[in-house]
Number of protein chains: 2
Amino acid sequence: MTQDTPVRDQVLEAADRLFYAKGTHAVGMDELRAAAGVSLKRLYQLFESKEALIEAVLQWRDATLTAEITAYTARQDTPERQVLAVFDWIADSSGSPGFRGCAFINAYAEHGASSERITAAVRHQKSGMHGAIHAMAAAAGRPEWVADSIFLLFEGAMTNTAIAASSEPARQARAAAEFLLDNTG
Amino acid sequence: MTQDTPVRDQVLEAADRLFYAKGTHAVGMDELRAAAGVSLKRLYQLFESKEALIEAVLQWRDATLTAEITAYTARQDTPERQVLAVFDWIADSSGSPGFRGCAFINAYAEHGASSERITAAVRHQKSGMHGAIHAMAAAAGRPEWVADSIFLLFEGAMTNTAIAASSEPARQARAAAEFLLDNTG
DNA sequence: TACGGTAGAGAACGTTCGTTCTCGCGGCAA
DNA sequence: TTGCCGCGAGAACGAACGTTCTCTACCGTA
């Protein structure tokens, strides 16, 4: 067990940034090597292949994104406001110029048909996000179907906020979620 | 104006099938030529580049998909049922083994960062689908925000039905839409 | 029959990419 | 100091891809 962890994280962070910005197909291993500031040899001893790297990046992003959203929603003081904050998070994120929607959906679009490993990583993130919304909705005393609905609104808002290059879908989804919360439980 | 139209459609249909099944990056022009049964020369005089072909395929799918969904929903006898039928359409479509979610979202994931033409084609489809749902909701006498919400539920259901490989998200989205319809108007 | 133009088949070209190999330097043990 | 191991830099390799070019067969016309 060598001291690879900081280097590994350095690679994952650079790869995540490049993959998200340009799509995995558009980023070559050499460009990645340069961005991460490591040698190609090191890259391949950390990750056996590009596919393995993509999988690792998705797992890494899964963890960091969960933490980010959790921190973001935790700033609200009631469970209802916490649920609704996920849509504010989308609206906020979409403000940054490189916003390209959900990295996991993008990865699924690029590799879902050919890579079982990548599909599994995507499913894991969706399942986790679904669970997080479930937990918040449960804390707010709402039934499961409300959580399911809000999760799907979240997903629709992620993609369409990116495609439309506008935070309007995020606001619309928020309004719908608010209606669901207000009329249930 | 030569008699290229049937050949052109033949190419578009084959390309659409392959692109959707495997992703555009995973389909080479030669594989495409073979599937469409035309020569490479013909292919390139019909479409100046692969990017142009992808754009044309998206426009073609936009038209055929709109027609398909319109026909599907038209079988229902009330505007409310017509709106809800879009979720049944997802559930039905997800039954076929090659279901991979929304081709336009997939195309955006693959090319949104690099091709303005493809992004424009994706936006056009989203705008059209949004409009179609708006029209049905308006016919049902529901306010615009309900249509916005149902559109986003539709989008979320499309991607997550594919990722989860289950029609459950489509059913959940349908239930949410039904709740919105039942409690507004 | 001779011929010009068109189209199909597929070879060829140039590039890009994922992955591996080679070389040479630097640190460390004896 | 000497020998060795590991690493970085980057050349090299083989495959795949988008695109173009070449060759040949075929067609209608005179």
Side-chain angles (χ1 to χ4, degrees), chain A residues 1-58 106-107 109-118 121, chain B residues 1-12 14-58 106-107 109-111 113-118 121:
Chain A
M1 214 55 57
T2 56
Q3 270 299 89
D4 280 343
T5 320
V7 180
R8 190 184 147 94
D9 283 357
Q10 197 174 322
V11 171
L12 288 173
E13 190 174 339
D16 178 54
R17 186 163 28 85
L18 284 174
F19 285 162
Y20 183 68
K22 312 170 86 175
T24 58
H25 276 119
V27 181
M29 291 299 267
D30 197 66
E31 179 180 2
L32 219 126
R33 173 204 59 77
V38 300
S39 72
L40 220 41
K41 187 185 255 179
R42 184 85 131 178
L43 201 48
Y44 275 96
Q45 71 192 27
L46 285 168
F47 307 97
E48 68 187 4
S49 65
K50 191 182 185 184
E51 184 187 6
L53 172 56
I54 296 173
E55 181 192 18
V57 165
L58 290 177
N106 294 351
E110 282 193 276
H111 303 280
S114 58
S115 169
E116 200 48 56
R117 302 171 67 172
I118 293 178
Chain B
M1 211 55 59
T2 54
Q3 271 297 90
D4 279 345
T5 319
V7 180
R8 191 184 146 93
D9 283 357
Q10 198 174 322
V11 171
L12 288 172
D16 178 55
R17 185 164 29 85
L18 285 174
F19 284 163
Y20 183 69
K22 311 169 88 175
T24 60
H25 275 118
V27 181
M29 291 299 265
D30 197 65
E31 179 180 3
L32 219 127
R33 173 204 59 76
V38 299
S39 73
L40 220 41
K41 185 186 259 180
R42 183 85 130 176
L43 202 47
Y44 274 96
Q45 71 191 25
L46 284 169
F47 307 98
E48 68 188 4
S49 65
K50 191 182 185 183
E51 185 187 6
L53 172 56
I54 296 172
E55 182 193 17
V57 165
L58 290 177
N106 295 351
E110 282 193 277
H111 303 279
S114 58
S115 169
E116 201 47 56
R117 302 171 67 173
I118 292 176

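Each chain gets a letter, A, B and so on, in the order its sequence line appears, and its residues count up from 1.
Residues forming a side chain to side chain contact (heavy atoms under 4.5 Å, CB included) with A:Ala34 (at least two apart in sequence, or on another chain): none. Taking the side-chain hydrogen bond (donor to acceptor under 3.5 Å, both in side chains) definition, one finds that B:Lys22 meets it with B:Glu31, sequence neighbours left out. Residues passing the side-chain hydrogen bond (donor to acceptor under 3.5 Å, both in side chains) test with B:Arg17, sequence neighbours excluded: none. Remark: A:Glu51 engages A:Ser115 in a side-chain hydrogen bond (donor to acceptor under 3.5 Å, both in side chains) (not counting sequence neighbours). Looking at residues two or more places apart in sequence or on another chain, you find a side-chain hydrogen bond (donor to acceptor under 3.5 Å, both in side chains) between B:Glu48 and B:Arg117.
Rounded to an integer number of Å, the gap from CD of A:Glu31 to C1' of C:dG18 is 14 Å. If you take CG of A:Leu46 and C1' of D:dG8, they are 14 Å apart, rounded to a whole angstrom. Rounded to whole Å, the distance from CZ on A:Arg42 to P on C:dG18 is 21 Å. The CD-C1' distance, from B:Gln45 to C:dA9, rounds to 14 Å in whole Å. The nearest whole Å value for the distance from the CG atom in A:Leu43 to the P atom in C:dT19 is 10 Å. At whole-Å resolution of the value, CD1 in A:Ile54 and P in C:dC17 are 13 Å apart.
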Mind listing the N/O atom pairs, protein and nucleotides 15-21 of chain D, below 3.5 Å?
from	atom 1	to	atom 2	distance (Å)
D:dG18	OP1	B:Lys50	NZ	2.3
D:dG18	OP2	B:Met29	N	2.7
D:dT19	OP2	B:Tyr44	OH	2.8
D:dT19	OP2	B:Lys50	N	2.9
D:dT19	O5'	B:Tyr44	OH	3.4

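A side-chain contact (heavy atoms from CB on, under 4.5 Å) with B:Thr24 is found for one member of B:Leu53, B:Ile54, B:Leu58 and no other, namely B:Ile54.
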